[in-house]
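Contents: one structure, followed by commentary.
Atoms within a ligand are numbered from 1 in the order they appear, just like the ligands themselves.
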Amino acid sequence: MQHLRWFFRIFAAMTKQNQISSDKLRSTLEEFWGYKEFRPGQEQIIHSIMSGRDTLALMPTGGGKSLTYQVPTLAQDGLCIIITPLIALMKDQVDRLKKLGISAAAVHSGMSFTQIDIALDNCVYGDVRFLYVAPERLATEAFRLRVQRMKVTLLAVDEAHCISQWGYDFRPSYLRIAEIRKLIPDVPVLALTASATELVAEDIMKHLEFSEKNIIRSSFARPNLSYAVRHTDDKNEQLMRVINNVQGSGIVYLRSREGCEQLAEMLREQGVSASYYHAGLPHAERNMRQEEWTSGRTRIMVATNAFGMGIDKADVRVVVHYTMSDSLESYYQEAGRAGRDGKRSYAVLLVASDDKSKITKRFEQEFPSLDTIKSVYEKVCNFVQMAVGDGLYASVIFNIHEFCRREKLYIGTVKAVMELLEQNNYMTLTDEMENPARVMFCVSRDDLYKIRVDRNDLDHIIRTILRLYNGIFTEFRAIDEQQIAAISGYTVERVKELLKRMWQMRIIRYIPSNTSPILFFNEERLPTNDLYIAPETYHHRKRLMEERFENMLTYSMQQTECRSVVIQRYFGDKEATPCGVCDVCLENRRRQKSDSSNIQTTILHLLANEPMSARELCHEIKAEPKLIASVVEQLQQDGKISASIGGKLIINE
Ligand code: ADP
Ligand code: MG
């Protein structure tokens with residue numbers, strides 16, 4: 001049955017593909033994006049998908065994965081569903097598509113039930129071409145019922161490695177994708193990821209129920225990026241050296257927020273134009289700082305790994321890691337922000353002699369015990385006021401920083417707990433998002449009329465809200481204070497003040513706009529003692545964390561193999577060739593040069609005594625025969641020696 005279906009899919013695609021030529025794909029690319037050419041790998045992936053084959057595409061971050069599902073969708077009719085875990089990226093993609101005049105929608109945990117319903121209905125009845133769905137929403141009835149009525153032509157799975165239990169980023173909700181496939185059986189799947197070991201790649205194809213194995217791998221080489229590692233116990237001095245030696249914009253990555261502030265200060269004191277960025281800054285402030293850096297008004301950004309998403313700057317000349325990343329994946333991605341324009345750029349990692357022990361110790365401290373997991377679970381549920389037995393599929397705003405402050409918990413530990421809770425399918429913590437203000441009435445409509453609102457302004461604002469937002473009696477609705485102000489004729493400040501007043505009078509519940517992640521309950525809240533964390537996931541996670549860091553350490557400690565080769569092998573490319581521009585390659589070349597010049601002297605010395613054959617020279621000189629041969633060749637080319645009739649080498653007079 002499976003095979004028959006597959007055959008039909010390919011057959012149908014074959015007839016269809018004849019109509020959608022490479023020209024059509026290219027004109028779609030140019031029409032919507034204004035790009036003339038596909039990037040390496042993109043076209044191959046698109047052809048594979050258009051011929052109806054399930055496809056796993058491995059491509060580095062920034063390589064252009066989005067276009068591989070967007071172009072084929074636009075080149076034909078119908079809708080593309082994309083599963084992706086990050087709300088911020090989802091919003092970013094939807095905004096971009098809308099700017100291009102393409103209708104797109106998203107369904108994620110930051111939305112109310114009504115908003116989700118509207119979005120899904122638009123996909124059934126409207127002209128939506130792209131629907132982005134957060135994996136945890138796949139289980140919901142609202143989604144399952146609608147998806148079968150949509151005209152889906154492609155299912156794209158972004159960050160596909162999340163489906164593998166072998167991987168560090170495992171998300172159980174990804175396993176639900178196979179169930180969705182059954183609902184739309186004739187739709188091919190395109191799995192996209194920037195990080196998959198062989199084991200993970202196999203797992204992706206298995207769990208997504210590929211009809212046959214099909215991997216398309218792009219190169220992870222960055223020929224214009226020169227990697228280097230500097231071992232030093234005076235990182236500031238090294239950093240200054242790097243920054244003074246390289247022209248143009250740069251990023252300095254650092255673990256701690258305070259560290260960022262201090263280092264930026266230090267740079268400014270040294271006369272370098274620098275600013276800092278971390279998730280502790282208010283959203284508007286972050287945007288402003290990023291914009292100043294992007295436009296070139298600030299030269300160096302000192303930042304935590306919160307700085308990254310949506311960086312659209314091609315001429316970053318240097319990325320320095322003042323502290324090590326947790327994994328080579330992160331390192332590659334962060335370092336890779338340098339040199340997007342293809343010009344020579346540098347990725348420098350600074351390592352101090354005690355870094356290894358310091359970071360290992362921190363891992364130990366941060367990794368939660370089973371008791372800690374239970375206690376944090378309880379505290380989190382209390383913090384968001386979720387009662388035992390409640391909460392299935394609920395999503396609530398969860399200000400993790402506020403929580404840590406109040407409970408005096410270390411954020412690294414809390415994040416590790418949340419990840420383990422997610423892997424055991426209890427709850428999902430999304431990335432941070434800008435949340436609009438929300439309002440819900442805590443009195444019924446009838447009661448509302450009974451309450452004597454003897455202030456005209458309150459009465460007016462209530463009427464305005466009721467006119468603008470329906471469903472506000474049954475659930476929290478996102479409101480727009482600006483809009484309310486515009487309609488009511490009040491200033492935004494006045495509106496906010498009145499909302500607060502109503503909140504104090506217990507007429508409404510009011511959550512002002514904020515930036516924080518959302519907590520989604522995959523399960524109702526359990527009595528804390530019933531919480532079960534599978535020992536496998538617990539130990540496995542710890543081991544994976546150690547392994548990942550081990551790889552990062554190896555990269556930084558080894559001095560003999562090309563850095564780019566080490567990285568590419570990590571990403572599964574066993575045939576990578578040395579880059580020629582990293583510190584190891586440069587050192588090798590320098591050494592080879594000095595070796596060559598030594599050999600040259602020796603050869604000339606030996607031949608001055610008596611003519612010798614190449615073989616005899618190799619016998620006399622302790623060096624690689626290949627290297628000796630190349631020096632001999634060079635000497636001949638330079639006319640310093642030549643071969644006599646007997647085959648012996650002689651010095652030219
Ligand atoms: P990924 O998902 O692989 O990290 P994206 O899909 O977000 O990468 O693409 C990264 C950037 O590359 C985007 O700004 C995108 O517009 C750009 N891009 C993608 N394909 C092309 C192309 N063929 N020509 C020029 N720019 C492209
Ligand atoms: Mg992407």
*asked:* Checking a contact table here: which protein heavy atom is nearest atom 16 (O) of ligand 1, and how many Å away?
replied: Y35 OH, 2.7 Å

*asked:* Geometry only, no angles: is G62 polar-contacting ligand 1 at N/O separations under 3.5 Å?
replied: yes

*Heavy atom of Q42 under 4.0 Å from ligand 1?*
yes

*What protein heavy atom is closest to atom 18 (N) of ligand 1, reported as residue, atom name and distance in Å?*
R39 NH2, 3.5 Å

_Among all the protein's non-hydrogen atoms, which is closest to atom 8 (O) of ligand 1, and how far away is it?_
G64 N, 3.2 Å

*How close does the nearest protein non-hydrogen atom get to atom 6 (O) of ligand 1, and which residue and atom is it?*
S66 OG, 2.6 Å

*asked:* Would the distance check show the side chain of D54 and the main-chain N or O of P188 forming a donor-acceptor pair, the cut-off being under 3.5 Å?
replied: no

*Of the side chain and backbone of F38, name the one, both, or neither that has a heavy atom under 4.0 Å from an atom of ligand 1.*
backbone

_Less than 4.0 Å is my threshold; does some heavy atom of P60 fall inside it relative to ligand 1?_
yes

*Check R26 against ligand 1 and report side chain, backbone, both or neither, counting heavy atoms closer than 4.0 Å.*
neither

*Just jot down the ligand 1 atoms closer than 4.0 angstrom to any heavy atom of T61, in number order.*
4 (O)

*Before accepting this row, confirm whether a basic side-chain N of the pair R337/D312 lies closer than 4.0 Å to the acidic partner's carboxylate O.*
no

*Is there a heavy atom in R96 that sits closer than 4.0 Å to ligand 1?*
yes

*Stacked cation flag R289 on Y276, 6.0 angstrom / 45 deg*: yes

_Row check, F38 ring normal vs R26 NZ/CZ: under 6.0 Å, within 45°_ = no

*Is a donor on one side and an acceptor on the other found under 3.5 Å between the side chain of Q423 and the backbone of F170?*
yes

*Which residue supplies the protein heavy atom nearest to atom 23 (N) of ligand 1, what is that atom called, and how far is it?*
E37 O, 2.8 Å

*For T537 and N424, does a side-chain donor sit closer than 3.5 Å to a side-chain acceptor?*
yes

*asked:* Determine whether R176 and E136 satisfy the following criterion, salt bridge (Lys or Arg N to Asp or Glu O under 4.0 Å), listing intermediate values before the conclusion.
replied: CA-CA 9 Å; R176 302 263 187 181; E136 71 273 8; over 6 Å; no

*When you look at NZ of K313, are more than 12 heavy atoms from neighbouring residues, nucleotides or ligands closer to it than 6.0 Å?*
yes

